[in-house]
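Notes follow once the structure below has been shown.
The model shown is predicted, which means the values in this text are computed figures rather than measured ones. Quick note on labels: first sequence line is chain A, next is B, and so on, each numbered from 1.
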2 protein chains.
Amino acid sequence: MEEYADIFRKYLDKQGLKFTQPRRYILDEVFQMHTHFNAEELYDRIRSKTNEISLATVYRTIPLLLEAGLVQRADRSEGRERYEHIFGHPKHIHWVCRNCGALLETDLNTLYPALAKQAKDLKFKPEDIELSVKGLCWKCNPNENENQSDEK
Amino acid sequence: MEEYADIFRKYLDKQGLKFTQPRRYILDEVFQMHTHFNAEELYDRIRSKTNEISLATVYRTIPLLLEAGLVQRADRSEGRERYEHIFGHPKHIHWVCRNCGALLETDLNTLYPALAKQAKDLKFKPEDIELSVKGLCWKCNPNENENQSDEK
DNA sequence: TACTATATTGAGAATCATTTACAATATGAT
DNA sequence: ATCATATTGTAAATGATTCTCAATATAGTA
Ligand SMILES: [Mn+2]
Ligand SMILES: [Mn+2]
Ligand SMILES: [Zn+2]
Ligand SMILES: [Zn+2]
């Protein structure tokens, strides 16, 4: 049924690994969430539904999901790695407000041509792109709410 | 003399902080290195020249250098934050080979127009951009050494 | 130059996210 | 149903970074 489950099962098979119950719980929860998450948040959400899971297993499973191409590293905040599933969520740009923590996401496509050209010049074969922009969001940028007024 | 020392001193003054000997050692070493470094590497290098330094002070000083705009976060490898000084090294793209670890750097300028447009649409005020591309470098990409041959 | 109010330092303890060891258990194939 | 392995939960270990605190350095002032 779920495409992601097939992908995971195939990946596990290929590696001689087993599609266990804890791994199912983790996989399903990852795809029910539509935000960035860290290992403990993921664990807590699953834990609220079943006890058949441990934090260690969550930590052990995340690398498998990354390898399987189902999850990608999203950012790092408060000293913890955060992830997000890939599901109609191809690579995108992250815009993070340093004031309120707001997270915006935009398309990465418009940057591909310029990146591809550089890659070609370098003879570098890109596999994974991470682009994040820190700054101030609309709400947190005082100058943006009114007109322009470049105070120092 | 050194421009960066003036910048640091001014930053410290403004914050009511002092330009101490350990901070001088750290600052100088940071600008004598032309690679990415983590806190302990920086500490070891200074330690090989003098004993008047501690790892704790290195950890305490890095945030000051970041705030002063003299150093920027470069990447994270092996679970450690890595930094680099800014000195004729404006923001650039990092190309990291997942096979040999080679690190290439290219200009970020060609991407600015596209980014600026998105920023404007979002009403987001960018302050810091981090762009890294993981993949295979020239030497580690078998197909690249000969002609094109898109094997699966 | 001496004095003084603070900021800073080094050492080591404390944190805390992530890993790991290990004995008990689940899985998938036969 | 059996069996060889992979996996799990628990608890301990690891390791980078931060913090505590008493001793010291710094920079301004007299
Ligand atoms: Mn995202
Ligand atoms: Mn760099
Ligand atoms: Zn904001
Ligand atoms: Zn390489």
Heavy-atom closest contact (B/Leu12 atom, B/Arg23 atom, distance): CD2-NH1, 4.2 Å

Are any of the side-chain heavy atoms of A/Gln72 and A/Glu130 separated by less than 4.5 Å? no

Of all nucleotides in DNA chain C with an atom under 4.0 Å from a non-hydrogen atom of chain A, which is the first and which the last going 5' to 3'? C/dA17 to C/dG28

Name all pairs fulfilling the salt bridge (Lys or Arg N to Asp or Glu O under 4.0 Å) condition that reach into residues 54-66 of chain A, sequence neighbours left out, sorted by first residue then second. none

Any non-hydrogen side-chain atom of B/His85 less than 4.5 Å from a side-chain atom of B/His34? yes

Distance in Å, B/Phe124 CZ paired with A/Thr106 OG1, rounded so as to fall on 0.5 Å steps: 10.0 Å

Within residues 58-82 of chain A, the residues having a heavy atom closer than 4.0 Å to DNA chain C are A/Tyr59, A/Arg60, A/Gly79, A/Arg80, A/Glu81

Neighbours of DNA chain C within residues 16-29 of chain A, by heavy-atom distance under 4.0 Å: A/Lys18, A/Phe19, A/Thr20, A/Gln21

Check each residue of residues 32-53 of chain B for a non-hydrogen atom within less than 4.0 Å of any atom in DNA chain D, then write out the ones that pass by number, or none. none

Tell me the bend of the helix from C/dT1-D/dA30 to C/dT30-D/dA1 as the angle between end helix axes, each from five pairs, rounded to the nearest 10 degrees. 40°

How far apart are the closest heavy atoms of B/Ile7 and B/Ala68, and which atoms are they? CG2-O, 4.0 Å

Span of DNA chain D engaged by chain B, first through last nucleotide within the 4.0 Å heavy-atom cut-off, is D/dA16 to D/dA27

Are B/Leu111 and A/Leu131 side-chain neighbours, meaning at least one heavy-atom pair lies under 4.5 Å? no

Please table the atom pairs, donor to acceptor, closer than 3.5 Å between any side-chain atom in residues 25-32 of chain A and protein atoms at least two apart or in another chain.
| unit_1 | atom_1 | unit_2 | atom_2 | d |
| --- | --- | --- | --- | --- |
| A/Tyr25 | OH | A/Glu52 | OE1 | 3.4 |
| A/Asp28 | OD1 | A/Tyr4 | OH | 3.2 |
| A/Glu29 | OE1 | A/Lys49 | NZ | 2.7 |
| A/Glu29 | OE2 | A/Arg45 | NE | 2.9 |
| A/Glu29 | OE2 | A/Arg45 | NH2 | 3.4 |

Answer with yes or no whether the hydrophobic clustering places A/Leu108 together with B/Val96; edges join I, L, V, M, F, W, Y residues whose side-chain heavy atoms lie under 4.5 Å apart. no

Would A/Ile86 and A/Ile129 show up in the same hydrophobic cluster when neighbours are defined by side-chain heavy atoms closer than 4.5 Å? no

What pairs meet the salt bridge (Lys or Arg N to Asp or Glu O under 4.0 Å) rule with one or both residues in residues 101-117 of chain A, with sequence neighbours excluded? A/Lys117-A/Asp121

Got a sec, which residues hit salt bridge (charged side-chain N to carboxylate O under 4.0 Å, His left out) with A/Glu81, two or more places apart in sequence or on another chain? A/Arg73, A/Arg76, B/Arg76

Mind checking ring pair (Phe, Tyr, Trp, His ring centres under 6.0 Å) for A/Phe8 and listing every partner two or more places apart, or none if nothing turns up? A/Phe19

Using the test ring pair (Phe, Tyr, Trp, His ring centres under 6.0 Å), find all partners of B/His94 that sit at least two apart in sequence or belong to another chain. B/His36, B/His92

Is the closest side-chain heavy-atom distance between A/Met33 and A/Glu84 below 4.5 Å? no

B/Arg80 vs B/Glu40, test: salt bridge (charged side-chain N to carboxylate O under 4.0 Å, His left out). Steps then yes/no. CA-CA 9 Å; B/Arg80 304 158 86 106; B/Glu40 196 162 12; 2.4 Å; yes

On a heavy-atom basis, the closest approach of A/Cys97 and A/Leu136 is SG-CA, 4.1 Å

